Amino acid sequence: MLRLLAFFATLCAVANSCPTILSKAQWGGRAPTCRTAMATPVTYVIIHHTAGAACSSQSSCITQAKNIQNYHMNSNTWCDIGYSFLVGEDGNVYEGRGWTSVGAHAPNYNSNSIGISVMGTFSNINPNTAAQNAVKNLISCGVTRGYIKSAYILKGHRNVSATECPGNTFYNTVKTWPRFQA
């Protein structure tokens with residue numbers, strides 16, 4: 001019976017295209033000091049880069065996720081990490097505010113978007129294939145699970161704020177992805 005359940009769980013994971021998502025508890029993130037619930041499904045998916053160090057192993061990505069959360073909470077005095085999710089070049093997704101909390105990543109879009117940030121600086125290079133696939137699979141997962149509208153609109157951070165984010169090279173790639181609108 002357990003083998004049968006494991007088999008069906010694997011089928012569901014593959015069918016839903018959900019990448020590995022490490023919860024805050026799994027990566028050792030701090031608890032938020034406040035939370036605003038967000039109505040779902042959302043209309044927008046906003047792509048970012050952290051404009052910092054990249055990471056390519058789970059241990060280095062956990063360190064980066066903690067550094068980003070500490071910066072957002074201590075220096076920016078936000079109540080949590082700004083993004084809904086972080087993605088590492090290890091191919092894993094690291095939960096930030098998650099699917100159902102308003103983020104602090106794109107003014108005027110925070111309450112109707114999922115903010116996904118790839119850890120690293122992607123002005124002159126793209127994130128690796130593992131990271132790009134994790135982002136695409138996370139979006140697909142959000143649609144399948146009802147957190148993102150099936151007719152969502154994909155944008156780069158620069159399309160909604162005065163910034164170079166998510167970096168020129170990565171932005172040029174994101175523009176080729178399905179459902180992108182400047």
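Only this structure's heavy atoms are used, side chains among them; waters, hydrogens and symmetry mates stay out. Positions are given from 1, in the same order as the sequence printed here. This is a predicted model, so every value here is computed, not measured.
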Any luck finding a side-chain donor-acceptor pair between [X] and [Y] under 3.5 Å?
X      : Y      : answer
Ser123 : Asn168 : no
Asn126 : Thr173 : yes
Lys136 : Asn133 : no
His48  : His105 : yes
Thr63  : Ser60  : no
Arg97  : Asn110 : no

Pairing residues for Cys55 by the disulfide bond (SG atoms under 2.5 Å apart) criterion, not counting sequence neighbours: Cys61

[X] side-chain N/O to [Y] backbone N/O, donor-acceptor pair under 3.5 Å:
X      : Y      : answer
Ser84  : Gly115 : yes
Lys155 : Gln181 : yes
Glu95  : Lys24  : yes

Hey, does [Y] have a side-chain heavy atom less than 4.5 Å from the side chain of [X]?
X      : Y      : value
Val87  : Tyr94  : no
Val102 : Arg35  : no
Asp90  : Ser56  : no
Trp99  : Cys141 : yes

His72 and Tyr83 aromatic ring geometry - parallel, tilted or perpendicular at 30°/60° bounds: tilted

Remaining members of the apolar cluster that contains Ile153, side-chain heavy atoms under 4.5 Å: Tyr44, Ile46, Tyr109, Val160

Partner set under ring pair (Phe, Tyr, Trp, His ring centres under 6.0 Å) for Phe180, not counting sequence neighbours: Tyr171

